[in-house]
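Written out below as structure tokens is the structure these notes cover.
In what follows, every chain begins at residue 1, and chains take the letters A, B, ... in the order their sequences are listed. Note that the structure is a prediction, hence the values are computed from the model and not measured.
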Amino acid sequence: MNTLTTPVQVGHTGGLRAWLRQMASAARGWPATYRMALERRRGRTVLLTLLIVLLVAYPVLYQTVLAPVVRILPLPSATVMVFMLIFAIMAIGLNIVIGFAGLLDLGYVAFYALGAYTTAFLTSPHWGGVSVVLFASVPEGSPGIHLPFMLVVILAAGVAATFGVLLGAPTLRLRGDYLAIVTLGFGEIVPIFFKNLVNVTFSFGPIQLVNANLTGGPLGINPIDPPSFFGFKFGVISGFNAVYLGLILIIVAIVIARNLERSRMGRAWMAVREDEIAAEMMGVNTVRTKLLAFGLGAAFAGIAGAYQASYQGATTSDFFQFSTSILVVVMIILGGIGNIWGVIAGAVVVQYVDKTLLPWAGQRLTDIGNVTGNPALGDINPSTFSFLLFGIALVAMMRFRPEGFVPSRQRAAEMHTAPPGQALGSIGLIEKEGLVPQLDPTEPGGEADPGSAEMSVEGPAGETKAEHRVDVTDEEMPR
Amino acid sequence: MDEQVLQTVIIGLSNGLIYALVALGYTLVYGILQLINFAHGEVFMLGSMIALTLLMALGVTPGMDIVTTIVLIVVVLLITMTISAILNVSIERVAYRPLRNAPKLAPLISAIGMSFILQNVGLLWKGPTSLGFLDIIPNTNVLTTIFGLDTVVAVSYKQLFVAAVTIPLLIVLSWFVSKTRQGKAMRATAQDPDTAGLMGIDVNRTIAITFVIAGALAGAAGLVQILYNNTTVWSLGFRFGLNAFTSAVLGGIGNLQGAVLGGIVLGLINAFSDRYLAAQWTNAIVFGVLIAVLVFRPSGLLGQQAADRA
Amino acid sequence: MKLTKVGAMAAAALFAFTACSTPGASAPPGDGGGGTTPEACANKKGTSSNQINVYSALPRQGSNTASTDALVESIRGLLDGKKVGDFTIKYTDLDDSSAANNGDWDGAVAQQNATTAANDPDAMVFIGHFNSGAAKLTIPILNAACLVMISPANTYPGLTTSVEGVTEPGEPGSYYPSGYRNYSRVISTDDKQGGAGAAWAKELGATKAYVLDDTQVYGKGLARAWALFATQLGIEVVSADGTSEGFDAKATDYAALAQKIKASGADFIYIGSITGQNTGKLWKDIRAAMPDIKIMSGDGVFEASFYEGTGEAGNGTYLTFGGVGPNEQTSDAGKQWVADYKTAHGGEDPPVYAIYGAAAAQLALDAITRAGTNDRYEVLKAVFGTKDFQSYLGTFSIKEDGDTTLAEATGYQIVDSWPPTFEKVLAAPE
């Protein structure tokens with residue numbers, strides 16, 4: 001039986017218990033899954049494994065073996081790694097909005113700010129009039145609200161998601177450029193609100209505010225409690241401990257994003273991205289799809305904001321500028337739009353260059369200058385070249401490799417074959433050029449084995465114009 | 001009209017005319033390419049820096065006599081406009097033309113990249129802090145000194161200068177677009193590039209000329225910025241560009257008269273918000289206006305373009 | 001379905017981790033002081049046997065170099081390479097500013113600098129910051145790492161004390177979550193500078209004043225202090241409900257704001273700001289609308305780059321300094337230091353903060369010497385135990401809250417060039 005002629009049911013049926021059973025079996029079967037992944041996609045699996053080992057071992061290495069060369073080689077410090085993770089989480093989230101759903105959001109920093117400020121409100125002495133201490137690491141009776149970190153992360157994600165839906169709602173009818181500009185506008189307005197709500201006099205029913213300092217303005221809110229579990233603090237002083245916390249957060253983020261990508265919602269996003277009208281015709285609720293894209297994408301920014309605010313222990317409106325929104329877009333574009341691993345790579349590389357490589361280059365220049373008797377060399381500050389580098393990278397990438405360095409193969413195909421004047425997708429391509437889709441199962445497998453299929457689109461002369469690969473894994477097998 | 005309100009109007013008009021000049025650049029390019037030229041604000045910023053450098057190099061100081069000053073200012077204006085025009089058309093060649101057939105996202109991202117590059121050029125050229133320039137054009141109140149009126153309202157030579165530069169440029173542009181063959185070619189290409197090509201119009205050249213004009217206008221605005229606001233900084237382009245783009249959208253993007261009207265309206269909004277509300281909220285109000293226009297009346301005040309652009 | 005997955009995972013995580021967040025045994029917030037060693041200060045001995053690191057964090061770009069170049073020069077001259085017992089001091093000059101902020105201090109960068117110092121086990125003293133807003137963000141970081149900060153230039157009172165109507169509720173305790181003080185300064189605070197400025201304004205004949213601030217910690221604090229004292233002295237403050245009004249440093253034009261001020265009928269303007277917040281344009285636009293109005297500002301603009309930015313518009317501006325300018329120093333050591341500086345710099349006056357940087361470096365060196373060992377807590381105690389220390393600024397002690405006992409403010413006026421001329425020593429009203 002060709003497993004691919006039956007409709008592939010992605011996801012599970014059967015409620016919570018079935019899902020827990022699924023998780024348990026997946027957990028138990030992980031050696032087998034790993035072995036299979038090694039066979040199937042050796043290169044990628046080995047790479048991933050090495051990466052994970054390196055990541056876990058790096059902090060130890062950094063502080064022991066590598067300690068003497070830390071100044072000489074441009075090795076990222078704990079803070080830099082934390083920021084890599086923060087931006088990677090944001091990149092994953094923005095990838096959902098831009099990469100999956102094709103909605104160009106240039107105001108992403110607003111949700112980042114919302115996450116950070118929610119954390120600031122809920123884990124600091126800011127609301128001095130009350131004292132709510134719940135499972136937190138400050139003593140009883142401390143002023144302000146102090147909730148545990150994991151709860152705050154979820155709340156921050158929720159607040160950001162809510163605003164994502166709210167701010168996305170007016171944009172539903174807009175396309176392309178106009179959507180970008182409206183989101184840009186929101187991305188500017190939200191930080192302005194945070195900056196200015198310092199003298200609020202407002203009365204509505206029982207709520208009476210007189211000269212209330214709601215957000216701390218540019219002075220900001222600090223200190224914010226660092227994340228703490230088991231009595232350990234994971235804030236800025238803790239060095240690499242915070243990195244481990246970040247790794248947990250990003251693994252959760254990747255899992256969620258992966259699941260979303262392969263779910264019905266993920267396919268709905270793909271459909272809306274490629275041709276909204278056709279999707280509507282096919283019964284996809286485009287309103288719900290787009291709002292969920294905004295909301296879920298924003299939730300990731302909320303998580304990143306919460307992590308950042310707790311890590312730094314402070315937040316001010318100055319931290320949230322338009323340039324951050326654009327920076328995340330740069331990461332996605334450079335890394336590989338639509339591909340979760342691509343955008344993570346983009347985030348890591350951009351942060352590394354910005355925070356480690358360029359300052360290191362500056363210090364080397366100073367050293368070389370001092371040694372060769374040319375102290376003027378030390379005046380050149382490579383960090384001021386960062387915009388230039390990113391700008392050139394963007395222009396060059398769009399010219400030569402618009403799908404990014406680690407592309408999703410589908411988007412790569414789209415980018416290189418879209419006819420002029422078309423939007424971000426190209427399903428119409430097939431009808432237009434009279435191309436014929438071929439289904440080609442590469443691994444037939446047995447009846448109930450997972451397999452994979454490649455769909456390729458061939459041109460009139462038989463050349464391959466586009467490819468799409470579907471892997472049906474154990475979980476996705478119809479039962 | 002109440003004198004205070006009139007004064008605010010005058011302030012708003014002066015800044016508004018500068019926005020209009022830059023907004024025209026955005027609207028011209030969008031009309032012809034359906035592309036938001038993110039880098040346009042930076043062309044304006046570099047134009048102001050070029051103007052500053054030239055003015056200082058030519059030794060223009062407040063004490064010089066009027067004729068020399070005017071001649072030098074005109075010279076600097078022409079040179080700045082030329083350089084900005086060349087800059088803008090080069091940007092088109094490098095960043096936009098190769099992407100003519102790519103999906104819409106690509107030139108937009110390229111424009112953002114170009115904007116980054118130019119900002120950094122400004123930063124490396126003139127340093128991180130804002131630069132000031134002397135008051136070449138006197139700030140004295142024309143109404144009291146020349147006309148002897150006893151009023152709180154102040155119209156200075158500076159504001160007259162702004163009008164003296166921008167209004168003729170607008171008239172020339174308007175004549176160019178509506179009365180000349182090249183202008184007709186531009187309008188045709190904006191309407192339908194493929195058909196225009198079939199009709200024998202060199203589409204590439206027309207687009208290049210559009211960029212030349214847009215760049216020249218931005219350069220002129222840069223000179224006005226230096227002589228009116230006396231200041232420039234590498235990050236000027238972003239703020240100003242956003243205001244100018246909002247003006248273009250407000251008036252109806254693709255519509256020249258709309259850009260001018262939008263610029264004036266936006267200048268007035270800025271001035272009134274600063275004067276009667278609080279300066280810290282002005283930016284939020286500007287963006288609020290932008291969003292409201294795009295959501296409720298995407299064709300703008302005067303425009304006819306539909307919202308549903310893919 | 002996927003939402004259920006997410007929900008289930010979230011619930012599981014929540015249960016697991018909330019239950020594991022145990023309250024740590026941290027000391028109660030507020031003034032610590034003597035007695036037992038605070039938890040954060042246990043085991044803070046350096047790892048090196050012959051090197052002690054001192055960091056400074058100052059804005060080193062743009063208009064700030066006018067002041068900070070001299071600061072760094074004096075600190076380096078007094079500390080780098082000096083031997084204290086077995087230890088040699090190594091001085092590192094960190095930059096608080098970023099190009100993204102137009103060369104001005106950047107909160108994120110300042111925090112990173114503090115983290116760098118805090119995570120260096122051999123760092124014993126942190127000299128910084130120049131901007132009160134940066135200190136606000138970094139004191140808690142250093143507090144958790146038991147690293148003492150000596151500031152040559154922060155004047156915002158809320159970092160060490162609370163002043164009704166000027167500082168926020170919760171300050172200063174909120175900056176010291178580990179329960180003890182680690183921040184000190186060699187310059188007096190803005191409640192005194194603001195008060196002295198208000199008294200001077202009253203003498204100059206101010207009756208109706210408009211007060212502006214750059215919305216940053218220092219500028220806002222100073223302006224609010226001035227407005228508070230001015231009101232007490234009988235000057236009517238007509239901006240923003242009797243207190244200070246923020247102006248937008250990123251605006252390109254202040255003509256409308258100037259019009260607003262003019263329409264309010266004010267005869268005096270007070271501006272609390274640092275140079276880099278577009279002060280050049282602000283002064284120009286105000287002067288254009290009101291050529292004769294009196295303007296006063298504080299030490300945040302007390303540098304050559306300010307006058308370069310304003311040009312003629314700055315003429316006539318009254319400036320207060322929360323300390324004593326170089327030519328008005330009274331101690332012999334101070335006078336000698338100023339003379340040496342002038343000799344080394346072709347007769348030029350040192351920027352007002354340079355001598356305060358020198359005094360901070362002196363204090364750091366003295367504290368390290370008194371501590372006798374490379375243990376952060378010992379050095380911190382030495383700083384806070386400073387009594388009758390003889391420095392370039394004269395003799396001073398460090399109080400329990402970290403403030404210095406020096407309390408003068410001086411008044412200057414820009415006539416038609418830089419530097420401004422000295423007018424008088426100001427006294428703060430009680």
Donor on one side chain, acceptor on other, B:T53 and B:K126, under 3.5 Å: yes
Among the options B:L123, B:N243, B:N229, pick out the one with the most heavy-atom pairs lying under 4.5 Å from chain C. B:N229
So which heavy atom on C:I75 is nearest to which on C:G357, and how close? CG1-O, 3.7 Å
Do the ring centers of B:Y19 and B:Y26 come within less than 6.0 Å of each other? no
Closest-packed option against chain B by number of heavy-atom pairs under 4.5 Å, given C:A263, C:S97, C:A256: C:A256
Just one of C:Q216, C:Q61, C:H129 clears the side chain to side chain donor-acceptor pair (under 3.5 Å) bar with C:W105, so which one? C:Q216
From the list C:Y318, C:Y270, C:Y210, ring pair (Phe, Tyr, Trp, His ring centres under 6.0 Å) partner of C:W226 resolves to C:Y270
By a 4.5 Å heavy-atom criterion (distance strictly below it), what part of B:T231 contacts chain C: side chain, backbone, both, or neither? side chain
If I measure from the heavy atoms of chain C, does B:N15 come under 4.5 Å with its side chain, its backbone, both, or neither? side chain
Side chain, backbone, both or neither of B:L131 within contact of chain C (heavy atoms, under 4.5 Å): neither
Need one label for B:F133: side chain, backbone, both or neither, based on atoms under 4.5 Å from any heavy atom in chain C. backbone
Does C:E245 pair with C:K260 as a salt bridge, N-O distance under 4.0 Å? yes
In terms of heavy-atom pairs under 4.5 Å with chain B, which of C:Q259, C:K262, C:K281, C:K250 leads? C:Q259
